Amino acid sequence: MSDTLTLSPDTTATSTHRPRLAFLGLGWIGRNRMEAVAAEDIAEIVAISDPSPEAMDEAAHVAPDATRCDGLDALLATKPDGVVIATPSALHAEQTIAALKAGAAVFCQKPLGRTEAEARACIDAARTADLLLSADLSYRHAAAFLALREAVEAGELGTVHALDLTFHNAYGPDKAWFRDRALSGGGCLIDLGAHLLDMAAWALGARDLRCTSAHLYAGGQRLTGDAVATSVEDYAAATLETPEGGVIRIACSWNLPAGRDAVIGVDAYGAQGGFSVQNVNGSFYDFAAHRHHGTQSEERIAPPDAWGGRAAAHWARRLAEGERFEPACESLAELAAAIDAVYARAAN
């Protein structure tokens with residue numbers, strides 16, 4: 001089973017096995033993913049851990065019987081079948097590898113690693129342990145983006161030769177570690193651009209992308225040379241090419257004065273038509289999808305669509321069905337390599 005889902009009214013696991021899950025990191029995203037898994041009633045939440053007592057208390061409302069643990073080692077001592085990781089990016093690879101070595105499958109917030117090397121170390125650990133490994137590339141599970149992928153796969157657009165992807169977050173992150181390069185691995189590119197590059201690969205099947213230009217800025221100042229590796233960018237723009245000659249353009253930012261909360265979109269163009277996915281009224285969560293025929297457009301998907309926690313629930317369902325290591329998770333290293341390539345091009 002691939003690391004995505006087809007929307008269906010039947011979301012019941014085919015196995016009676018209820019995996020025992022532990023949650024490491026209980027901020028907003030960690031709790032949201034926990035709530036999504038709990039709502040599906042496909043797993044038992046046995047352990048939780050976060051440095052914040054308040055976060056632990058909030059999580060206990062969702063999983064009142066879960067053991068409260070002081071860190072990853074204590075969490076793994078409960079012998080979970082799987083661990084959901086939602087901690088600062090610098091910890092992802094180390095914690096993922098530790099969990100896999102302890103015999104637990106992993107669902108990790110993106111980025112899986114701050115670099116391709118870290119991501120590949122995680123994948124190698126999952127392969128060695130023969131355990132399921134997924135990252136929270138949540139937009140794959142939104143109905144509007146699924147409609148885009150299905151249109152491309154059905155050949156509705158012909159060969160897609162141009163793709164524009166945008167993600168501007170007018171607020172930016174609210175945690176200090178996001179602004180620390182050592183902890184985050186980068187700025188808006190690794191935070192938001194990761195979703196854009198993943199969408200290009202996932203929706204179009206684009207592989208072996210070559211970055212031809214990249215521009216990074218912090219506070220309106222261009223970052224070049226050594227500053228790229230030591231600074232945290234708040235605006236990124238890049239152009240990449242596919243081996244077939246297709247062009248992919250991405251732009252993402254934090255704190256951009258966009259006149260709305262967020263600007264999120266994908267526009268795909270082929271010889272036989274176009275397709276767009278856009279957020280509605282500046283929402284981070286509501287998306288509409290349209291298929292374009294010349295100057296005419298037809299709506300394919302309209303909100304609402306409660307997609308936010310589907311990736312975590314899907315991973316838990318796969319775990320319940322007994323899935324083990326899947327080579328498709330190699331795409332997580334390819335994604336990290338594409339991000340590395342954009343940073344490298346911007347530095348030159």
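Note that the coordinates shown come from a computational prediction; the quantities given were computed from them, not determined experimentally.
Judged purely by atom type and a 3.5 angstrom limit, His92 uses its side chain to pair as donor or acceptor with the backbone of Pro111. Under the 3.5 Å distance criterion, the side-chain polar atoms of Arg207 are matched with a main-chain donor or acceptor of Ala201. Distance alone, capped at 3.5 Å, is enough to place a donor-acceptor pair between the Ser52 side chain and the Ala55 backbone. Counting only distance, with no hydrogens or angles, the side chain of Thr212 and the backbone of Thr239 share a donor-acceptor pair below 3.5 Å. Not a single donor-acceptor pair under 3.5 Å links the side chain of Lys101 to the backbone N or O of Ala125. Between the side chain of His161 and the backbone N or O of Gly245, no donor-acceptor pair lies under 3.5 Å.
Interatomic distance, CG of Leu131 versus CZ of Phe325, reported as 10.0 Å (0.5 Å rounding). His314 contributes atom NE2, which lies 13.5 Å from atom OG of Ser138 (distance to the nearest 0.5 angstrom). Rounding to the nearest 0.5 Å gives a distance of 7.5 Å between CZ of Phe275 and CG of Leu157. To the nearest 0.5 Å, atoms SG (Cys108) and CD (Gln95) are separated by 7.5 Å. For the atom pair CZ (Arg149) and CD (Glu153), the distance works out to 4.5 Å, reported to the nearest 0.5 Å. Within the model, atoms SG of Cys252 and CG of Leu192 stand 5.5 Å from one another, a figure rounded to the nearest 0.5 Å.
Using a 4.5 Å cut-off between side-chain heavy atoms of Ile, Leu, Val, Met, Phe, Trp and Tyr, Ile97 forms no hydrophobic cluster with any other residue. The other residues sharing a hydrophobic cluster with Leu256 are Tyr217, Tyr235, where clustering joins ILVMFWY side chains under 4.5 Å apart. The hydrophobic side chain of Val46 is isolated, with no ILVMFWY side chain under 4.5 Å apart from it.
Closest non-hydrogen pair, Leu319 versus Leu132, comes out as N-CD2, 3.9 Å. Arg181 approaches Ser231 most closely through the heavy-atom pair NH1-O, 3.1 Å. Contact between Ser283 and Ile264 at its shortest, heavy atoms only, is O-CD1, 4.2 Å. Considering all non-hydrogen atoms of both residues, Arg114 and Ala90 come closest at NH1-CB, 3.6 Å. In terms of heavy-atom proximity, Ala66 sits nearest to Ala47 at CB-N, 3.9 Å. Residues Thr78 and Arg20 come closest through the heavy atom pair O-NH1, 3.0 Å.
Crowding of Glu116 atom CD: a count of heavy atoms from other residues, nucleotides or ligands under 6.0 Å exceeding 12. Annotation: Glu298, atom CD; neighbour count of heavy atoms from other residues, nucleotides and ligands within 6.0 Å is above 12. Environment of CD in Gln221: sparse, with no more than 12 heavy atoms of neighbouring residues, nucleotides or ligands closer than 6.0 Å. Counting non-hydrogen atoms of neighbouring residues, nucleotides and ligands closer than 6.0 angstrom, the CG atom of Asn348 exceeds 12 such neighbours.
No hydrogens or angles considered: nothing links the side chains of Ser276 and Gln278 as a donor-acceptor pair under 3.5 Å. Side-chain atoms of His290 and Ser297 form no donor-acceptor pair, as typed in the model, at a separation below 3.5 Å. Inspection of the Asp191 and Trp254 side chains reveals an N or O donor paired with an N or O acceptor under 3.5 Å.
Counting heavy atoms from C-beta on, the side chains of Asp180 and Val232 never come closer than 4.5 Å. Counting heavy atoms from C-beta on, the side chains of Trp307 and Phe287 come closer than 4.5 Å. Side-chain contact between Phe167 and Val263: absent, with no pair of heavy atoms (C-beta onward) separated by less than 4.5 Å. Counting heavy atoms from C-beta outward, Leu163 and Asp267 have side chains that stay 4.5 Å or more apart. A heavy-atom distance below 4.5 Å is found between the side chains of Leu189 and Ile339. Between Ile48 and Asp50 there is no side-chain heavy-atom pair separated by less than 4.5 Å. By the 4.5 Å heavy-atom criterion applied to side chains, Val37 and Leu21 are counted as neighbours. With contacts defined as side-chain heavy-atom distances shorter than 4.5 Å, the pair Ser49/Leu24 qualifies.
Residues Ile301 and Met199 are members of separate hydrophobic clusters, defined by side-chain heavy-atom contacts under 4.5 angstrom among Ile, Leu, Val, Met, Phe, Trp and Tyr. Linking Ile, Leu, Val, Met, Phe, Trp and Tyr residues whenever their side-chain heavy atoms come within less than 4.5 Å leaves Leu91 and Leu26 in two separate clusters. Hydrophobic clustering, with ILVMFWY side chains joined whenever heavy atoms are under 4.5 angstrom apart, keeps Tyr269 apart from Val277. Under the 4.5 Å side-chain heavy-atom criterion for Ile, Leu, Val, Met, Phe, Trp and Tyr, Phe284 and Leu196 are members of the same hydrophobic cluster.
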Let me see the working for Glu326 and Arg318 under side chain to side chain contact (heavy atoms under 4.5 Å, CB included), right down to the final yes or no.
CA-CA 11 Å; Glu326 184 182 38; Arg318 295 172 65 197; 2.7 Å; yes

| message | For Asp305 and Arg310: C-alpha separation, side-chain torsions, deciding distance, then whether side chain to side chain contact (heavy atoms under 4.5 Å, CB included) applies. | response | CA-CA 11 Å; Asp305 174 32; Arg310 281 189 191 136; 2.5 Å; yes

Check: Which is it for Thr96 and Cys122 under the side chain to side chain contact (heavy atoms under 4.5 Å, CB included) test, yes or no, and what are the steps along the way?
Finding: CA-CA 6 Å; Thr96 293; Cys122 295; 3.9 Å; yes

| request: Test Leu332 against Asp198 for side chain to side chain contact (heavy atoms under 4.5 Å, CB included), laying out the working first. | output: CA-CA 9 Å; Leu332 299 173; Asp198 176 66; 5.9 Å; no

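Within the structure, every pair that satisfies the ring-ring contact (aromatic ring centres under 6.0 Å, His included) test and touches residues 171-196, not counting sequence neighbours, is listed here: Tyr139-His195. Within the structure, salt bridge (Lys or Arg N to Asp or Glu O under 4.0 Å) contacts touching residues 275-297 (residues at least two apart or in different chains) are Glu156-Arg291. Applying the side-chain hydrogen bond (donor to acceptor under 3.5 Å, both in side chains) definition to pairs two or more places apart or across chains, those involving residues 61-72 are Asp57-Arg68.
Ion pairing between a basic and an acidic side chain is recognised when a charged N comes within 4.0 Å of a carboxylate O; Asp340 and Arg345 show no such pairing. By the 4.0 Å N-to-carboxylate-O rule, Arg127 lies close enough to Glu330 to be salt-bridged with it. Residues Glu118 and Arg120 are not paired through a salt bridge, judged by the lack of any N-O separation under 4.0 Å between the basic side chain and the carboxylate. Comment: Arg249 engages Asp164 in a salt bridge, judged by a side-chain N to carboxylate O separation of less than 4.0 angstrom. A salt bridge is absent between Glu35 and Arg31; no separation between the charged side-chain nitrogens and carboxylate oxygens falls under 4.0 Å. With salt bridges taken as basic N to acidic carboxylate O contacts below 4.0 Å, none links Lys110 and Asp136. Arg18 has no carboxylate O lying under 4.0 Å from a charged side-chain N of Glu44, or vice versa, which leaves the two without a salt bridge.
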